[in-house]
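Below is one structure, written out as structure tokens; comments come after it.
For ligands, and for the atoms within them, numbers begin at 1 and follow the listed sequence.
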Amino acid sequence: MTKATLRILSADSAGLADAASVLQRGGLVSFPTETVYGLGADACNDNAVARIYAAKGRPSFNPLIVHVPNMQVAEKYVIFNDAAIRLAAAFWPGALTLVLPLRPDAEIAAHVTAGLDTLAIRIPDHPVAQGLLQAFDGPVAAPSANPSGRVSPTTAAHVVQGLGAEIDAVVDGGACAVGLESTIVACTEPPTLLRAGGIPQEIIEQCLGYPLARATHTETPTAPGQLASHYAPRGTLRLNASSAHEDETLLGFGPVEADINLSPSGDLTEAAARLFECLHQLDAMGARAIAVSPIPESGLGRAINDRLRRAAAPRP
Ligand code: TXA
Ligand code: MG
């Protein structure tokens with residue numbers, strides 16, 4: 001499919017049928033999930049998947065998550081072990097991605113896994129994502145719908161700003177409720193946390209009854225959490241700031257005088273849902289130097305701090 005001008009589709013059955021036919025023709029459709037907006041393509045079409053990498057400017061060694069509507073479809077593509085069955089039962093549909101052995105006969109495009117023999121897979125819990133998966137009736141590969149290294153989108157407007165010139169359509173389903181990407185767990189022995197995300201590590205460990213292993217750093221990143229600089233707004237970030245210097249804009253948390261506040265009441269769920277919107281707003285305000293209040297390192301705070309540390313990291 002050649003690139004057309006961007007169309008904004010409504011999140012009703014006509015819009016979803018339209019979006020599904022764009023996917024069928026090898027096009028790129030951004031759609032809302034409960035975590036962030038994804039940039040979707042037919043996961044069985046190598047050319048379509050190649051367009052995702054081109055649109056995002058994403059390194060080709062960084063594999064994609066495949067989205068499916070239910071367990072029955074998931075089982076066509078990956079092999080579940082006991083831990084995976086337990087986690088899927090507890091958290092799917094939802095903000096958890098499992099990395100599992102790819103079935104040798106799975107017809108997933110080679111570009112999706114970037115040559116790995118495992119596949120990252122997720123059942124999203126958003127009616128629009130579910131509606132699109134059902135209308136398309138196939139697996140959809142979808143990274144977050146932002147240019148590589150930039151802040152992830154939590155509204156259709158963010159997608160249009162970042163990738164409007166590169167993609168065929170966006171289904172507008174409003175703001176994402178969770179606001180942070182999914183937690184990624186590789187179901188190896190023992191299961192390993194690859195990326196903190198929308199479901200807190202503690203809750204996953206409670207479900208398993210034992211701690212998750214932590215990924216060690218390797219040359220080839222197996223999750224974006226291992227790319228040092230990511231999620232970056234245009235301004236620089238200074239973390240754990242009790243107050244802002246004269247030339248800084250304060251991104252607050254809790255009861256502080258701030259230019260923008262993630263959650264004046266200090267609620268981590270609210271802060272997670274607002275984090276990327278606030279970073280987009282700081283870009284729009286032209287903030288050059290951003291100070292950020294301390295965020296507790298527990299529950300969703302771990303994923304928020306993970307994103308903030310990467311946003312603050314030196315950029316390539
Ligand atoms: O919430 C989310 O996970 C969103 C929505 C759209 O589902 N997607 C998302 O995708 O955050 P992305 O591409 O921005 O991050 C997914 C990461 C990839 O960057 C990759 O490093 C990791 O998942 N990944 C994919 N396949 C993998 C594999 N086989 N083994 C290890 N990590 C993998
Ligand atoms: Mg991403």
Next item on the list: Start with the C-alpha gap between Arg310 and Asp306, add the side-chain angles, then the distance that decides, and say whether salt bridge (charged side-chain N to carboxylate O under 4.0 Å, His left out) holds.
Entry: CA-CA 6 Å; Arg310 291 179 203 290; Asp306 170 78; 3.1 Å; yes
Margin query: Pair Asp168, Arg25 - check salt bridge (charged side-chain N to carboxylate O under 4.0 Å, His left out), show working.
Written below: CA-CA 11 Å; Asp168 302 296; Arg25 283 176 282 145; over 6 Å; no
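Surrounding CG of Asp105 are more than 12 heavy atoms belonging to other residues, nucleotides or ligands, all under 6.0 Å away.
In the candidate list Ser152, Ala145, Ala114, Pro63, Pro63 is nearest to atom 20 (C) of ligand 1, counting heavy atoms. Between the choices Arg195, Lys56, His126, the shortest heavy-atom distance to atom 15 (O) of ligand 1 belongs to Arg195.
Every atom of ligand 1 with a heavy atom of Gly38 under 4.0 Å away is listed here by number and element: 6 (C). Here is the list of ligand 1 atoms found below 4.0 Å of a heavy atom in Leu116: 28 (C), 29 (N), 30 (N). Residue Ser144 has at least one heavy-atom neighbour below 4.0 Å for each of these atoms of ligand 1: 8 (N), 9 (C), 10 (O), 12 (P), 14 (O). Every atom of ligand 1 with a heavy atom of His67 under 4.0 Å away is listed here by number and element: 5 (C), 6 (C), 7 (O). Close contacts between ligand 1 and Leu64 involve ligand atoms 25 (C), 26 (N) [criterion: under 4.0 Å to a heavy atom]. Close contacts between ligand 1 and Val99 involve ligand atoms 28 (C), 29 (N), 30 (N), 31 (C) [criterion: under 4.0 Å to a heavy atom]. Each of the atoms 28 (C), 29 (N), 30 (N) of ligand 1 lies under 4.0 Å from some heavy atom of Thr118. The Ile65 neighbourhood of ligand 1 comprises atoms 3 (O), 8 (N), 9 (C), 10 (O), 16 (C), 23 (O), with distances under 4.0 Å to a heavy atom of that residue.
Contact of the Tyr53 side chain with the Arg58 side chain is registered, since non-hydrogen atoms from C-beta on lie closer than 4.5 Å. Within the 4.5 Å cutoff, side-chain heavy atoms of Met285 are placed close to those of Ile260. In this structure the side chain of Pro211 never reaches within 4.5 angstrom of the side chain of Gln201, judged on heavy atoms.
Considering Val49, Leu102, Leu64, Val66 in turn, Leu102 is the only one that fulfils the side chain to side chain contact (heavy atoms under 4.5 Å, CB included) rule with Thr113.
Using a 4.0 angstrom heavy-atom cutoff, Leu194 counts as in contact with ligand 1.
For the Mg ion (ligand 2), the set of nearby N, O or S atoms under 2.8 Å includes one belonging to Ser144.
For Gly40 against Val140, the heavy-atom pair with the smallest separation is CA-CG1, 3.7 Å.
Of the N or O atoms in Asn62, one or more lie within a sub-3.5 Å distance of an N or O in ligand 1.
Salt bridge absent: Arg122 and Glu181 never bring a charged side-chain N and a carboxylate O closer than 4.0 Å.
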